[in-house]
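This structure is a prediction, so every number in the text was calculated from the model and none was measured. One-based numbering, in listed order, for ligands and for the atoms of each.
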Amino acid sequence: MQLLASYLSGSWSQGSGGKSALVNPATEAVLAEVSNGGHDLAAAFAYARDKGTAELGALTFAQRGALLASLAKAIHGAREALIDLAVANGGNTRGDAKFDVDGGAMTLSFYADLGAKLGSTKLIADGEPIQVGRTARMGGQHVWARRRGVAVHINAFNFPGWGLCEKLACALLAGMPVISKPATATALVAHKMMELFAPLLPTGALQMLVGPAGTLLDNVGPGDVVAFTGGSTTARTLRTHAKIVEHSVRLNIEADSLNAAILGPDVDLSSETGGLFIADVVKDMTQKTGQKCTAIRRVLVPADKHADVAAAIAERLGGIQIGDPSLENVRMGPLATAAQAKDIKAGIARLAEATDSIYGGTGDITPVGVPAGKGFFVGPVVRSTKDPMNCAPLNEHEVFGPCTTLGIYDGTAAFASAFVAMGQGCLVSSAYSDDRDWVAAFVGAAAPWAGRLYLGSSKMAAQSPGPGTALPSLLHGGPGRAGGGEELGGERGLQFYMQRTALEGDASVLKSLLG
Ligand code: NAP
């Protein structure tokens with residue numbers, strides 16, 4: 001049995017003590033094991049501070065961008081092996097696996113290009129110069145400067161490849177060394193990427209702890225940052241961690257999200273916009289078996305379209321084969337872990353107390369190509385409510401799987417945006433409409449409650465990746481329940497890893513500092 005090693009202080013170490021198993025969630029076969037501890041994490045932090053900080057600091061943005069490009073190339077070179085690991089360890093179909101692996105490479109490439117654009121500048125200007133004195137001689141200028149410290153990255157189980165790469169791209173380009181911790185259950189893809197990346201990066205630039213966090217966060221200090229993706233319960237533990245509090249360590253949280261999708265009153269289901277809406281809802285339920293933080297969980301449709309929407313979604317779902325994701329005709333695999341499957345069943349049972357069944361009952365299915373009784377499978381489930389505003393299980397609890405709930409509404413933008421707000425802060429919500437006045441009214445009221453608003457319409461339908469895809473050029477994160485964090489968003493993604501400093505002095509000196 002392979003015992004996965006961590007990459008710490010410049011070498012691979014297997015740790016010691018008890019072990020956790022990584023399994024294939026379709027068959028429950030054990031694929032590898034990982035030690036639950038036994039690593040010298042204090043030494044890893046010292047290594048990053050001493051070696052990684054100096055090595056990355058000696059490079060320009062353009063050179064660090066070139067490193068990211070080499071990582072993207074390494075992923076392309078090992079793409080098939082990475083996809084196979086994601087299928088085996090993540091319960092991913094081949095399409096799901098590509099979404100994770102290619103998404104990681106694409107994000108690295110995006111930030112590689114940004115590095116080339118930033119060139120050899122040391123400071124990045126934040127806004128225009130300001131006159132702060134009596135005359136133009138006395139000026140002010142905000143700048144972003146490289147922070148000195150360690151970036152700790154803690155990732156969720158659902159995107160082991162993309163999650164690693166999207167955080168890594170921003171931190172390394174900004175010049176901070178990284179200690180990355182993938183979720184234990186699905187760590188095989190991240191572990192393989194670490195094997196690919198280690199020979200390509202400067203000493204101390206990237207380390208990886210494979211296995212439980214243990215005392216990882218006890219080592220953070222002033223200047224360090226922690227970027228976390230995962231559940232809100234873990235997020236709460238991090239927010240109150242003694243070292244994070246003591247040193248005011250910057251903490252970015254990407255957590256749960258009750259993303260909404262709203263069908264505008266103007267949309268005919270047979271139109272391009274209507275087709276996009278149905279396709280996006282079904283895609284978000286089944287891609288990655290609904291285990292996307294950006295997936296649509298709550299759907300709002302005008303009352304007179306409810307029956308047609310329910311029928312269209314049910315028809316699409318009925319054509320989706322569920323089972324062992326390594327089989328060619330299977331379009332939806334299992335949940336990633338037994339705990340996930342249990343949580344989702346509990347979430348569906350809770351919804352069932354307050355909603356009606358449209359499709360899939362409580363999610364019991366017989367998957368294809370799987371030994372009887374094996375695998376962490378839950379089938380797609382669609383529920384429905386006539387009173388979406390007052391449906392507590394719908395608006396309070398994220399069912400992180402292939403489940404969505406339809407609610408009816410009066411077609412007004414005011415109701416639609418209030419429904420988005422009921423999620424108490426989400427990563428993304430979407431509205432499908434070709435009525436610009438309705439869209440404007442919706443956006444104005446819904447924007448404070450969402451990190452991203454996706455506006456589906458006939459003009460963009462043919463080229464839309466759907467609301468579930470987080471793009472490197474746009475912010476990923478959301479207020480309130482979603483954690484209050486921000487990642488990506490082009491150059492904005494670097495800011496978490498840099499210090500904004502206000503410079504005040506002779507305007508010509510300030511100008512020369514920015515080159
Ligand atoms: P989780 O249980 O919170 O775990 C997330 C990560 O935190 C894992 O790497 C986990 O390590 C680690 N962790 C657990 N306890 C820790 C502690 N005390 N100190 C430091 N690290 C700790 O979440 P999950 O089950 O992997 O992910 C599911 C949740 O993530 C869902 O609720 C979903 O909404 C959310 N999510 C959000 C986004 C987003 O971008 N907003 C993206 C994906 C998922 P181990 O695996 O070793 O326990």
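- Every atom of ligand 1 is numbered from 1 in the order shown, and the set under 4.0 Å from a heavy atom of Ala183 is 8 (C), 9 (O), 46 (O).
- Under 4.0 Å from ligand 1, not a single heavy atom of Thr294 appears.
- In terms of N/O distances under 3.5 Å, ligand 1 is not approached by Leu217.
- In this structure, Phe197 has its ring center no closer than 6.0 Å to that of His191.
- Panel note: side chain Gln14, backbone Leu4; no donor-acceptor pair is recorded below 3.5 Å.
- Checked for salt-bridge contact, Lys167 and Glu487 meet the test: a charged N lies under 4.0 Å from a carboxylate O.
- The shortest N/O to N/O separation between Ser257 and ligand 1 does not fall below 3.5 Å.
- Scanning the protein for heavy atoms near atom 33 (C) of ligand 1, the closest one is Phe400 CE1, 3.3 Å.
- The ligand atoms of ligand 1 that sit less than 4.0 angstrom from a heavy atom of Leu427 are 39 (C), 41 (N).
- For ligand 1, the polar-atom distance check against Thr229 finds no nitrogen or oxygen pair separated by under 3.5 Å.
- The side-chain contact (heavy atoms from CB on, under 4.5 Å) with Arg298 is formed by just one residue from the set Ile262, Thr404, Thr385, Asn395; it is Asn395.
- Between the side chains of Asp256 and His397, not a single donor N or O lies within less than 3.5 Å of an accepting N or O.
- Without hydrogens or angle criteria, Thr286 side chain to Thr289 main chain gives no donor-acceptor distance under 3.5 Å.
- Within the 4.0 Å heavy-atom shell around ligand 1 one finds Phe228.
- In terms of heavy-atom proximity, Gln340 sits nearest to Phe400 at NE2-O, 3.0 Å.
- The protein heavy-atom contact nearest to atom 20 (C) of ligand 1 is Ala213 CB, 3.4 Å.
- In terms of protein heavy-atom proximity, atom 2 (O) of ligand 1 is nearest to Thr234 OG1, 3.7 Å.
- Ligand 1 has an N or O atom lying under 3.5 Å from an N or O atom of Asp256, backbone or side chain.
- In this structure, the protein non-hydrogen atom closest to atom 46 (O) of ligand 1 is Thr184 N, 2.9 Å.
- Under a 4.0 Å criterion applied to the non-hydrogen atoms of Ala156, ligand 1 contributes the atoms 26 (O), 27 (O), 43 (C), 44 (C).
- Here the closest non-hydrogen pair linking Ala183 and Ala156 is CB-C, 3.6 Å.
- With hydrogens and angles ignored, the 3.5 Å screen pairs no side-chain donor or acceptor of Arg236 with any backbone N or O of Thr233.
- Residue Phe157 touches ligand 1 through backbone and side chain together, judged by heavy-atom distances below 4.0 Å.
- Under a 4.0 Å heavy-atom criterion, Leu238 is in contact with ligand 1.
- In terms of N/O distances under 3.5 Å, ligand 1 is approached by Glu398.
- Arg297 places a side-chain N or O within 3.5 Å of a backbone atom of Val399 that can act as its donor or acceptor partner.
- Panel note: side chain Arg148, backbone Thr53; no donor-acceptor pair is recorded below 3.5 Å.
- The protein heavy-atom contact nearest to atom 23 (O) of ligand 1 is Gly231 N, 3.2 Å.
- Residue-to-ligand polar distances keep Gln340 apart from ligand 1: every N/O pair is separated by 3.5 Å or more.
- Geometrically, Lys288 engages Phe159 in a cation-pi contact, judged by NZ or CZ lying under 6.0 Å from the ring centre and within 45° of the ring axis.
- Of the protein's non-hydrogen atoms, Thr237 CG2, 4.2 Å is the one closest to atom 18 (N) of ligand 1.
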Legend entry - Worked verdict on Tyr454 versus Ser464 for side-chain hydrogen bond (donor to acceptor under 3.5 Å, both in side chains): CA-CA 10 Å; Tyr454 167 97; Ser464 162; 2.3 Å; yes
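- Considering only non-hydrogen protein atoms, atom 38 (C) of ligand 1 sits nearest to Cys293 CB, 3.0 Å.
- Ligand 1 has an N or O atom lying under 3.5 Å from an N or O atom of Ala255, backbone or side chain.
- Under 4.0 Å from ligand 1, the heavy atoms of Asn155 that appear belong solely to its backbone.
- Only the side chain of Ile154 comes within 4.0 Å of ligand 1, judged by heavy-atom distances.
- Among His476, Arg236, Lys181, Arg297, the residue whose heavy atom sits closest to atom 40 (O) of ligand 1 is His476.
- In terms of protein heavy-atom proximity, atom 35 (C) of ligand 1 is nearest to Gly230 O, 3.2 Å.
- Under the 4.0 angstrom criterion, atom 48 (O) of ligand 1 counts as lacking any protein heavy-atom contact.
- Under a 4.0 Å N-O distance rule, the pair Asp224/Arg49 qualifies as a salt bridge.
- Screening Leu475, Leu427, Thr294, Leu471 for a side-chain contact (heavy atoms from CB on, under 4.5 Å) with Arg452, the sole residue that qualifies is Thr294.
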